[in-house]
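First the proteins, then the strands, lettered A, B, ... as listed; each starts at 1.
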Amino acid sequence: MIREITLGQYYPVDSVLHRMDPRTKLFGTMVFIVSLFLANSLAAYGVATVFLVLVIRLSKVPFSFMIRGLRAILFLLLISVSFNLFLTPGTEVFRIGFLRMTWEGLRLAGFMALRLIYLVIGSSVMTLTTTPNELTDGLEKSMGFLNRVGVPVHEVSMMMSIALRFIPILVEETDKIMKAQMARGADFESGNLIQKAKSMVPLLVPLFISAFRRATDLAMAMEARCYHGGEGRTKMKPLCYHRRDTMGYLVYAGYLLAIVLLRHFS
Amino acid sequence: MSIRAEHINYLYGEGTAFEQYALKDVSFEIEDGQFIGLIGHTGSGKSTLIQHLNGLLRASSGKIYYNGEDIDQEGYDKKALRSHVGLVFQYPEHQLFEVDVFSDVCFGPKNQGLSNEVTEQRAREALIQVGLDERLWTQSPFELSGGQKRRVAIAGVLAMQPEVLILDEPTAGLDPRGRDEILDEISALHEEKGMTIILVSHSMEDIARYADRILVMSHGEKLFDAPPKEVFRHYQELERIGLAAPQITYVVRSLKEKGIALEDDITTVEEAKTAILRLLRKADGRA
């Protein structure tokens, strides 16, 4: 019934990108996002497109999975494109009533749309090739320097990975309780807003109770295994860089350089 | 009057990389008043199968008929179907939500659109049927013990007065006494009210004791569909798919190997007792 959460959905295949260190991928995503905001010419977007296409090919994840995340921003995309199309001053292409479309608007809207779409696809590449656990591991290690200024990095990343781990469990639980109540004749679809909100009570109360039950169980299980926070804690699989990561960083450097150069010489 | 399933297939994650058969060409017919035991290893498709029978899941292909009517046809009243075919999920106590036991049991009949009077009447009957002490009716369901919660949840489905009652491992996690009490109540519903029962269970002893027909599922397919004695004769095949025959069957088999002439198809302790006593009396008579 509810199985359509793409963000953070890992696609299990074996590729160079999957084997890469999560820090490399995090950094790469950042570089890509920055490059999108630096790019201001067709050539620069061409370079970004080639980069993205190559990365997608490398990841071995089907393209249809990449664009799933786009559904979520479809509305935002439509609004920003139409605003840019009609509200940018410049040479007129045509006019319907008070709406006038300009060449400048067309260019701006096109770039804006590309930027948003690439942003979503770019970050999907990371989440599709990295398990949530790797991701939080990577974040924890790369943010480690914040520990010195008193930010509890380990605790925050532990909370993050627990939260991520619980999303599918709670989705499944919701599905189960929904079905159980439907078996008792509950109706979650019809009725007006107030009736719908009321019909959520038989779903939300059991869900909350089970979430709390799971949380206490988990806390107990962690304590039983002597969890005491981040201090002195070692890892079973410590992150370490390989040759492919060095390659990755070199590719990023080259890519970013190309984008910066294109910005300066156009 | 029956449930008939014809060539049911069910695919998980259709159209994704994770596509997997949960049910594969399953067909059967369940007549009114039968007591069916549904067994199979974990992940064999039992829970998926029973959710098809009251229309919570829709088969990827194949048809299900309730009283001769296709339940997936346009305009079929699924809400009515769900009140005819009651489904008690695994750990049903997790679905409780109301402020007190009595109103929780009223939830089902209220959804059926019955008047307050009839609703309360049915809730009372259901709570008496499951044998829950009347003093507990006004308490919060969350203050009860595990076994009591389970009874409240079962009463919540019974209050809709279904013709078919499906129970998914109703005794999981209960102590032996709670287990026997719940099974006896289910058996009473079958015998006194003529309710059709489908019982999913991992306890071969329970199945052998109550069911008059067993469906065995394995990897989404129906492996056997026969009376208990016949099914448990295939104990080697059952063991291969992670199941077994009731323990007493193994005892009887060892006794036979020692040269004691017992019948082949003993599946309950009661039967074994009668058979052994008969043999002893015969031996006494000869002496």
Can you confirm whether A:I194 is buried at CD1, in the sense that more than 12 heavy atoms of other residues, nucleotides or ligands lie under 6.0 Å from that atom? no
When you look at CZ of A:F27, are more than 12 heavy atoms from neighbouring residues, nucleotides or ligands closer to it than 6.0 Å? no
Which atoms of B:Q51 approach chain A - backbone, side chain, both or neither, heavy atom under 4.5 Å: side chain
Is it true that, when you exclude A:L193 itself, more than 12 heavy atoms of the residues, nucleotides or ligands shown sit nearer than 6.0 Å to its CG? no
Side chain proximity check, A:K179 to B:L57, heavy atoms < 4.5 angstrom: yes
Count the heavy atoms belonging to other residues, nucleotides or ligands that lie under 6.0 Å from NZ of A:K235, then report whether that count exceeds 12. yes
Which of B:M160, B:Q90, B:H94 touches chain A most, by non-hydrogen pairs under 4.5 Å: B:H94
So that I can tick it off, tell me whether B:R82 and A:D187 are bridged by a salt bridge, with the cut-off set at under 4.0 angstrom between side-chain N and carboxylate O. no
For atom CZ of A:R57, decide whether the heavy atoms of other residues, nucleotides or ligands shown that lie under 6.0 angstrom number more than 12. no
Answer yes or no: does atom NZ of A:K141 have more than 12 heavy-atom neighbours from other residues, nucleotides or ligands under 6.0 Å? yes
Is B:Q112 in contact with chain A via its backbone, its side chain, both, or neither, using a 4.5 Å heavy-atom distance? neither
Please answer whether the main-chain N or O of A:P206 pairs with a side-chain N or O of B:Q95 as donor and acceptor at a distance below 3.5 Å. no
Taking CD in B:Q73 as the centre, count heavy atoms belonging to other residues, nucleotides or ligands within less than 6.0 Å. Is the count above 12? yes
Closest non-hydrogen atom pair between A:A186 and B:N111, with its separation: N-ND2, 3.4 Å
Given the rule in the side-chain contact (heavy atoms from CB on, under 4.5 Å) test, do A:R184 and B:D104 qualify, once you have shown the distances and angles that lead to the verdict? CA-CA 11 Å; A:R184 292 209 280 164; B:D104 202 285; 3.1 Å; yes
Nearest 0.5 Å please: distance from the CG atom of B:L96 over to the CD atom of A:Q181. 8.5 Å
Side-chain contact, heavy-atom cut-off 4.5 Å: B:F97 with A:L207? no
Please say whether more than 12 non-hydrogen atoms of neighbouring residues, nucleotides or ligands are located less than 6.0 Å from CE in A:M247. no
Are B:K79 and A:M182 side-chain neighbours, meaning at least one heavy-atom pair lies under 4.5 Å? no
